[in-house]
2 protein chains.
Amino acid sequence: MYEMVRSVNLWHTVVLPPTKVKEMTTEMSTRLAKGRTRKNDPERVQADIMRVATQEFSEKGLSGARIDEIAEKTRTSKRMIYYYFKDKETLYLKALERSYQQVRQQEEALDLDHLEPVEALTRLVAFTFEHHLNSPDFIRMVMIENIHHGRFIEQSDLIQTLNAGAVNELEKVYQRGVDAGVFRPNLEAIELHWLISALSFFNVSNRYTFSRIFSWDQSAPENQQRLASHVVEMVLRYVLKKPGHSDPAI
Amino acid sequence: MYEMVRSVNLWHTVVLPPTKVKEMTTEMSTRLAKGRTRKNDPERVQADIMRVATQEFSEKGLSGARIDEIAEKTRTSKRMIYYYFKDKETLYLKALERSYQQVRQQEEALDLDHLEPVEALTRLVAFTFEHHLNSPDFIRMVMIENIHHGRFIEQSDLIQTLNAGAVNELEKVYQRGVDAGVFRPNLEAIELHWLISALSFFNVSNRYTFSRIFSWDQSAPENQQRLASHVVEMVLRYVLKKPGHSDPAI
DNA sequence: TTCATAATGTACGAAATGGTACGTTCAGTC
DNA sequence: GACTGAACGTACCATTTCGTACATTATGAA
């Protein structure tokens with residue numbers, strides 16, 4: 001009985017053609033038929049759950065996401081979600097952590113040390129802007145977490161550790177620029193980071209309302225390019241000692 | 001029976017001291033006692049519901065908010081919510097519209113026409129920044145709406161109409177500045193508005209995660225002041241033809 | 001092989017939740 | 001005063017939703 005139901009629900013629908021279901025079913029009900037057995041694969045199961053959960057939470061929020069729906073979209077069952085993740089909130093926290101982790105990984109690919117300060121800063125800002133643009137799920141998770149007053153991120157030491165390095169990169173570039181006499185002094189790296197983040201984040205987080213309110217298709221490629229230029233220009237103008245470099249006039 | 005229960009649930013708990021409840025109850029159960037009668041006050045009821053609903057939705061989101069809880073915090077009943085607002089989503093849309101309306105009202109108080117361009121722009125940016133800071137509920141509603149892909153704001157012509165004027169103000173100031181030779185030309189008012197909005201919005205929307213991640217108390221008054229200065233400075237430097245005016249050195 | 005424990009599946013329960021059926025009262029009009 | 005539609009209240013229902021009890025299988029160690 002157990003074998004039968006499980007086979008129908010999971011395996012056959014995935015692995016076997018539908019026409020086979022009926023005959024296999026009866027065959028299977030004779031307990032432990034053939035060599036076909038269940039495979040335990042904890043890592044795969046957990047990864048699968050995390051993948052789906054991240055998607056669902058980022059799309060619908062903590063209260064909007066449904067455990068049953070997550071389970072359905074998974075190759076495993078609801079039982080397994082609770083087995084590995086305790087409850088809905090823990091699952092959400094893990095998904096949040098995963099989002100930060102993935103983003104941080106990509107960020108680390110950026111290597112600025114060999115570039116001169118102005119070039120490095122330009123690169124950093126442009127990269128951040130585009131990177132946010134390509135990580136809407138992450139942006140949404142952060143939005144959702146802020147709706148929850150950061151109640152979950154507070155519990156996560158992992159996330160804090162992860163992002164500590166982000167400002168350091170900027171700090172190094174900025175300091176090199178100051179030393180070289182091209183950046184004006186007395187700016188705080190974290191505040192600079194705040195400014196860059198704000199512009200890049202808002203571009204994704206508020207695209208729907210902004211576009212709608214001003215009847216302006218913010219997502220249109222030409223507008224995205226203009227915005228990207230604006231952001232880069234704006235930060236540079238703010239940091240540079242003299243706005244000497246060419247005026248791109250957009 | 002009906003009279004009794006209603007009185008206990010709503011009126012007495014609000015209007016009368018608790019000790020009076022018991023005796024009034026029996027008294028009331030003799031149908032239509034004394035001159036005490038129900039008052040119909042549709043406007044008040046609706047306003048009351050809107051007030052509570054806005055609070056709840058902005059705090060917990062569309063799916064997180066509970067109709068029962070909204071009803072409880074109201075002076076009226078759940079029945080009235082459905083009577084006036086059809087269903088949860090309609091109520092949410094109305095709350096969203098209300099949020100935009102209120103914010104827009106305050107914005108209109110700003111009168112920039114009599115100021116010279118630089119002063120006017122400075123004022124506008126500073127005002128926007130502070131205004132957002134003082135409207136966290138509005139910010140949250142917008143965040144939530146973006147989580148929903150702007151699905152509801154799409155249905156609202158009201159909101160679009162409301163905000164059309166916001167960019168106009170900026171446009172006027174900018175044009176005056178260009179004509180006076182103090183602002184550089186070829187910038188789009190809407191894109192300028194986008195930049196100002198991004199910085200002001202992010203300051204509120206992401207305060208929790210940002211503070212947590214970088215162990216930096218963004219809400220601390222001194223930091224808020226520094227950020228405000230940065231934002232104003234940044235926009236001015238971007239728009240001004242020459243960054244001639246004093247360097248506040250933050 | 002035996003056995004212990006980890007991993008997995010099924011079915012179900014209790015509470016929460018959006019929404020409604022049904023009734024009563026209010027307030028203005030004739 | 002009678003009447004009518006708007007305004008309001010109570011109790012309830014159907015469904016959803018998180019979570020769990022219980023049973024079974026997989027897998028590695030002794």
Side-chain angles (χ1 to χ4, degrees), chain A residues 1-14 28-29 31-49 53 56-57 60-72 74-92, chain B residues 1-14 28-29 31-49 53 56-57 60-72 74-92:
Chain A
M1 166 59 175
Y2 159 60
E3 265 297 308
M4 176 190 80
V5 178
R6 189 201 50 183
S7 299
V8 170
N9 280 354
L10 298 179
W11 288 20
H12 290 183
T13 53
V14 174
M28 288 306 237
S29 64
R31 298 280 267 194
L32 257 182
K34 306 294 141 61
R36 194 172 286 283
T37 67
R38 185 186 85 201
K39 276 285 172 46
N40 285 355
D41 194 345
E43 270 116 33
R44 185 193 178 93
V45 167
Q46 289 178 63
D48 195 24
I49 293 174
E56 286 294 303
F57 281 127
K60 316 201 181 150
L62 172 53
S63 43
R66 300 292 166 230
I67 293 285
D68 286 282
E69 206 172 328
I70 293 175
E72 260 178 34
T74 298
R75 211 164 306 164
T76 177
S77 67
K78 183 162 70 162
R79 177 68 180 79
M80 285 297 94
I81 295 175
Y82 286 97
Y83 184 68
Y84 285 118
F85 298 97
K86 186 171 178 251
D87 57 18
K88 195 185 185 186
E89 297 201 343
T90 303
L91 180 61
Y92 166 79
Chain B
M1 166 58 175
Y2 158 59
E3 264 300 305
M4 177 189 81
V5 177
R6 190 201 52 181
S7 299
V8 169
N9 281 354
L10 297 178
W11 289 19
H12 289 182
T13 51
V14 174
M28 287 305 238
S29 64
R31 298 280 268 197
L32 258 183
K34 302 297 139 61
R36 195 170 286 281
T37 66
R38 186 186 84 201
K39 276 285 172 45
N40 284 356
D41 194 344
E43 269 114 35
R44 187 194 176 92
V45 168
Q46 289 178 63
D48 195 25
I49 293 173
E56 286 294 303
F57 281 127
K60 318 203 180 146
L62 172 54
S63 44
R66 300 291 166 229
I67 292 284
D68 285 282
E69 207 172 328
I70 293 174
E72 260 178 35
T74 298
R75 213 165 304 165
T76 177
S77 66
K78 183 162 69 160
R79 175 70 179 78
M80 285 297 95
I81 296 176
Y82 286 98
Y83 183 68
Y84 285 118
F85 299 96
K86 186 172 178 251
D87 56 20
K88 195 185 186 186
E89 296 201 342
T90 303
L91 179 62
Y92 166 79

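Note on naming: letters A, B, ... go to the chains in the order of the sequence lines (proteins, then strands), and numbering restarts at 1 for each one. It should be emphasised that the depicted structure is a prediction, and the values quoted were computed from it without experimental measurement.
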Next item on the list: Go through C:dG18, D:dC8, C:dT8 for me and flag the one nearest to the B:R66 side chain.
Entry: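 Of all the options, the side chain of B:R66 is nearest to C:dG18.
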
Margin query: Measuring from the side chain of A:K78 (C-beta onward, heavy atoms only), which nucleotide among D:dC18, C:dA7, D:dA6 has the closest atom?
Written below: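 Nearest nucleotide to the side chain: D:dC18.
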
Could you state the [atom1]-[atom2] distance from [X] to [N], rounded to the nearest angstrom?
X	N	atom1	atom2	result
A:E43	C:dT8	CD	C1'	16 Å
B:D68	D:dA11	CG	C1'	13 Å
A:K60	D:dT16	NZ	C1'	14 Å
B:F85	C:dT20	CZ	C1'	18 Å
A:I81	C:dT8	CD1	C1'	13 Å
B:E72	D:dG9	CD	C1'	15 Å
B:Y82	D:dA11	OH	C1'	15 Å
A:M80	D:dC22	CE	C1'	13 Å

Notebook entry, point to check: Which distance, rounded to the nearest 0.5 Å, do you find between the CG of A:L62 and the CG of A:L91?
Noted result: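 If we round to the nearest 0.5 Å, A:L62:CG and A:L91:CG are 9.5 Å apart.
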
Item checked: Point-to-point distance, once rounded to the nearest 0.5 Å, from CD1 of A:I81 to NZ of A:K88 ->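 It is 11.0 Å, given to the nearest 0.5 Å.
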
Within the pair [X] and [N], is there a side-chain N or O less than 4.0 Å away from OP1 or OP2?
X	N	value
B:Y83	D:dC8	no
B:S77	D:dT10	no
A:Y84	C:dA6	no

Notebook entry, point to check: Looking only at heavy atoms, which two atoms of B:S77 and B:A71 are closest? And how far apart?
Noted result: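 Scanning both residues completely, I find the closest heavy atoms to be C-CB, 4.2 Å.
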
Check: Side-chain contact, heavy-atom cut-off 4.5 Å: A:Y83 with A:Q46?
Finding: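 No, every pair of side-chain atoms sits at 4.5 Å or beyond.
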
Next item on the list: Give B:R79 one of three labels, base, sugar-phosphate or nothing, depending on what nucleic acid heavy atoms sit under 4.0 Å from its own.
Entry: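 Base contact - B:R79 has a heavy atom under 4.0 Å of at least one base atom.
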
Check: Is A:A65 touching bases, backbone alone, or none of the nucleic acid, heavy atoms closer than 4.0 Å?
Finding: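 Result for A:A65 = sugar-phosphate.
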
Margin query: Test your reading of the model: is there a side-chain donor-acceptor pair from B:R66 to the backbone of B:S63, 3.5 Å cut-off?
Written below: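 Yes, B:R66 side chain to B:S63 backbone: donor-acceptor pair under 3.5 Å.
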
